[in-house]
Structures are given as structure tokens and as C-alpha cells.
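Here the structure comes first, spelled out in C-alpha cells, and everything after it is commentary.
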Amino acid sequence: MARTEPARGMRDFLPEDVRRREHVIVVIKRVYERYGFEPLETPAVENLETLLGKYGDEGNQLIYKILKRGEGEASGEADLALRYDLTVPLARVVAHHHAKLPRLFKRYQIQPVWRADRPARGRFREFYQCDVDALGSTSPVIEAELCAAVADAMVELGFAEFSIRLNHRQLLTSMLNASGITETLHGAALVALDKEDKIGVDGVRQELAQRGVLPESARSLFAAIGALRDRAPVSGLDETGVAALANLDAIETMAKGTQAEARLRRDPSLARGLSYYTGAIMEVNVADLAGSLGGGGRYDNLVGMFSGQQIPACGFSLGLERILVVMSERGMFPASLATTPADVMVAVFDAAGLPHAMRVAGQMREAGLRVLVYPDADKIGKQIKYADGRGIPFVALLGADEIAKGDVTVKNLAAQSQQTHSQSAAGAAILEALKNRG
RNA sequence: GCGGAUGUAGCUCAGGGGUAGAGCGCCUGACUGUGGCUCAGGAAGUCGCGGGUUCGAGACCCGUCAUCCGCCCCA
């Protein structure tokens, strides 16, 4: 038999999956719109050079490249790529269309991205990101609003317990410098540090040593982190480090009174992988998922990489499938999402009734019902069983008697009752019955 | 990219060298204008794929692919 699974790391979404995904997307959109963000969509495919060099070495490796076509095919070179995230395409859009866009541009974008990563729990090769970004301002109001919007979306989806970890790239740099770690080791040190919540302080200490960080530097680094955690003065920070700390204070002040306030948690060990971040960085976590539900930060230099014109920017990205994994496991979806393809199914006793079924279905649709016509004159029991199996609450029965009189018998499957109406009145009767059962 | 586990009927799984199994689902009938309950019957699997060992392989060996769990990284 031919293989029928989708390609590795890719998934089919069956009707129930689509309804769940759309439910989450609708909630997130509603919240983002409430903060004045506007929708944006960009192509699945970007020019390869647009993406290269924006995500760090590891990121570059994971980009899905598209080989040249036609005459260029033989060269084996790639010139296009599937988008790896929504942030770099946004920066390209802002650089390209800056004259048409407002000075302060707030946009959201919910679209799939592709990464040639190894699939794992909550990790796929095609997945949706729900991004919100604001460009054109360096104010801490931006960070605070992004955190507030994300927190609102989480709360509205039904998450009560979650944290938004907060840190600052320049604070990290300053801290590493103050600890005597040379710049060439900064990347390695940040990777080790970022794992602290997973492998513990001792694990980080070991990994730092493996990566060539001197023991006294590591000691100094841990001391600085400890001081930051305790909100105590940190020795040896340079000016940018001090400014970064002040920036974090300002963000927290602005977030007061929002849903984010209670969830914000300063975490000096948070580093985040993407190389384009320049300021505050954020990450949303819940207890029962090892990775993050989403993350973001400030990237003031990214637009400049395309246009030469520096436009400050800051954004946040929620991972749709991460949210879905947790919501599925916890059973957080509203009962109204249960899949019922129709409100009523029209069934006939013989093929001569089918044209009448079509006509009656049309009347019912005009009345506002979702109507499925059973297409074959199967045994009536089989037809009713199909309707019951699909969760369709009503079956409209058309036999010779009903057709002769212009009637239709409406059977309520749950109540095990049935009533005959005139065909023109049946739709209204079913609507009424649907309302009563809630 | 590395380590571990698992691939048997539509689904969940049992069988660990000698005739391919169960539960659920599906189909038919009891019940020729009515679903769920009950009863009787039925269909369905080259046991992930390729090689090897053996008189004989679903089982043992090698390879491969897929899935899951860790690591790495990330949404």
C-alpha cells in the first residue's frame, strides 16, 4: 500500500482539529485587535538572503531552502526559502513599505512557519505562530502592552496559572562582561545559563566549565544573578547594564494594573536563542510543558539590516500548537466546539423522495439551519444511525405519506420523540427546539 | 545530530519459533416507516518495509523507515 502519512513533522488537521485551532486563533485575534494591532499576512516563501544570517548558526541550518527551478536546477543551489518565523518577514515588510505604513505600526500575524527541526512533543516542522509586534517606538509602554495583550489572551483561553519571564539582553551582556567572560564566550555562556530552570545551578556550572568559562568567572556570574533575583545592587555593571535594569523597572511599572502584572517574573537566567534581540526579552511558561508557550523581545536593529534606516521594534510570539497541546491535555476546550456537522439530517424512505428531500432541505437552510441531506435511500434505521453517530440532533423523515400531504416528520433523537409539521413550518419548529435544548 | 522504547484488524492492544487473536467499531439478520439495548451471524491484517538464520519467523539477527520519550535547540 502506498504511504499515506503526511511528510515527517507535518500534520493533517481533521474537522475537530480545525475547530479547536480556529477557536484559539479567534480568541487571540480578538485580544490583539483590542490593543489596536492590525492584521498582516506575508508570503510563505521569501528570498533566501532575506532569511540568512538573522537567526544565528543553528537557525540558519533549520531553514527550509528551495532549490532553483528550470535552468538553474542543475546548479543545485537554493534561491528561495520557506519563512522561518514571522518577525524577519515583518522587518522586511516595514523596510519595503515604510512610506505607506504609520510611524507607529502595530500589527499581528497568525500564519504557519517552517523549520527543518526534529519533531518532538509540541514541536513540528510546520507550525503556526501568533505574532504581535509594534514598530516605531522605544518606550517601555510597548513591552508592557505586549505582555498585557499576551496575558489577556492566555486568561481568555482559560489559563489561570502562567508566568511571563522577563530579562534584558544588555543586562546579560553587561553581567557577563562584569564577570570577566570574554565576548567570544558570551554565546556559549548564555546557552548554558538559559538552561538553569532545567538542569539547575550545578548543571549550569558544569556546562560553563565545559565551554571554557573560568571557575571564578562562573562564581561571579552566579553572584550577580543571585543579587538580581534578590533585587539587590549588582556590582560591576557598566552603564548599559544599569540602563537595562532601569528599563526593566519601567516595563514593570507600565504593566501595573494589567493581567501581566501578577505574572511577570524577573529571570536573570533567561537568554532566548534568536540572535536579533537587542533589549528586553520575554517568555511565557506553564508548569506542565517543558518548553515555552511563546516568547519575544525587542529587536531595534533588524529593520535596519534591510533598509539602513533604524526603526525600533518589539514583539511577542505565541506558539499555537504549544497552546493546543496543553489545552488538549487539560480538556480546556468549550463544549460548544464538539463537532456536529448539521442541525438536522433529511432522510427518505425511497429514491423517489430524494428530490423532495432536496427541496425541504433548501427550505430549512433558508430558515437558518445547517442541513445535511442523506444521499441514498438506505434502510431508514441505517440513516438514523448515521445521524446519531455524527451527533446530529434532528432527523427530518420524508415518506410517501408526508410527501403527499406536504408534511415532514421531525424526529428528536435525544428525546426519542417525533412530530409531524408542514414542510414550510418545520424549519422554524426545529430552530425553536434547538433553542430550548440550549 | 545522539541515546532509549515501540510498530500485529478501522481503533486500543494480546501473542516471544509450529493453523493470526481479543475488546471496541463496522456489515447482515431477528426488526420489510425509525437509532441507542439484547441476541445470532459476517467481513476485515503479505504482523511497518528489506534482507538473513531456520525444515518452519509475527516472534530470533542485521539493516531501514515511522512514531513516542529523553538530549540538543526551539513556538
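Every chain is numbered from 1, with letters handed out A, B, ... down the list of sequences.
On the P atoms, B:C11 is 36 Å away from B:U54, given to the nearest whole Å. Separating the P atom of B:G3 from that of B:G63 is a span of 12 Å, rounded to the nearest Å. When the C1' atom is used for both B:G45 and B:G10, the distance is 11 Å, rounded to whole Å. Spacing between B:G17 and B:C13 at atom C1', rounded to whole Å, works out to 22 Å. Taking atom C1' on both B:C26 and B:G52, the two are 39 Å apart, rounded to the nearest angstrom. Distance check on atom P: B:G58 versus B:U64 gives 22 Å, rounded to whole Å. The P atoms of B:U19 and B:U28 are separated by 34 Å, rounded to the nearest whole Å. When the P atom is compared between B:A75 and B:A5, the two are found 31 Å apart, to the nearest whole Å.
Counting non-hydrogen atoms under 4.0 angstrom, A:Val191 reaches the backbone sugars and phosphates but no base. In this structure, A:Tyr128 reaches neither bases nor backbone, as no heavy-atom distance under 4.0 Å exists between it and the strands shown. At a threshold of 4.0 angstrom between heavy atoms, the contacts of A:Leu397 include nucleobase atoms, whether or not backbone atoms are also involved.
Here the side chain of A:Phe349 is nearest to one of B:G33, B:G29, B:C74, namely B:G33. The side chain of A:Asp388 lies closest to B:G36 when the candidates are B:G36, B:G33, B:C73. With distances taken from any side-chain atom of A:Lys382 to the nucleotides B:C72, B:G29, B:U28, the minimum falls on B:U28.
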Encoded 5' to 3' (Watson-Crick or G-U under 3.5 Å; [ ] crossing; | other strand), RNA chain B becomes ((((((((.[[[[.)..(..]]]].(((((.......))))).....[[[[[..)....]]]]])))))))....
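For A:Arg205 and A:Phe222, the positive end sits near the middle of the six-membered ring, less than 6.0 Å away and at most 45° from its axis.
Note on residues 376-411 of chain A: pairs passing ring pair (Phe, Tyr, Trp, His ring centres under 6.0 Å), not counting sequence neighbours, are A:Tyr374-A:Tyr386.
Salt bridge present: A:Arg34 and A:Glu156 bring a charged side-chain N and a carboxylate O closer than 4.0 Å. With salt bridges taken as basic N to acidic carboxylate O contacts below 4.0 Å, one links A:Arg107 and A:Asp133.
When all heavy atoms of A:Gly212 and A:Leu185 are compared, the closest pair comes out as O-CD1, 3.5 Å. The two atoms that bring A:Ala357 and A:Val346 nearest to each other are CB-CG1, 3.6 Å, heavy atoms only.
A straight line from CG of A:Asp85 to P of B:C73 spans 19 Å, rounded to a whole angstrom.
Within residues 404-425 of chain A, the residues approaching RNA chain B are A:Lys411, A:Leu413, A:Gln416, A:Gln418, by heavy-atom distance under 4.0 Å.
Side-chain contact check for A:Leu172 versus A:Met175: some heavy-atom pair is nearer than 4.5 Å. Residues A:Leu270 and A:Asp194 form a side-chain contact, since some pair of their non-hydrogen atoms from C-beta on lies under 4.5 Å apart.
For A:Gly9 and A:Asp117, each mapped to the nucleotide of RNA chain B holding its nearest heavy atom, the one lying further toward the 5' end belongs to A:Gly9.
OP1 or OP2 of B:C73 sits under 4.0 Å from a side-chain N or O of A:Lys195. Between A:Arg272 and B:A75 there is a side-chain polar atom (N or O) within less than 4.0 angstrom of OP1 or OP2.
Taking the six-membered ring for Trp and thresholds of 30 and 60 degrees, A:Phe333 and A:His23 have ring planes more than 60 degrees apart, a perpendicular arrangement.
On a pure distance criterion of 3.5 Å, no polar donor-acceptor pair joins the side chain of A:Arg115 and the base of B:C73. A donor and an acceptor atom sit less than 3.5 Å apart, one in the side chain of A:Glu402 and one in the base of B:G33.
In this structure, a donor-acceptor pair under 3.5 Å is present between the side chains of A:Asp131 and A:Ser317.
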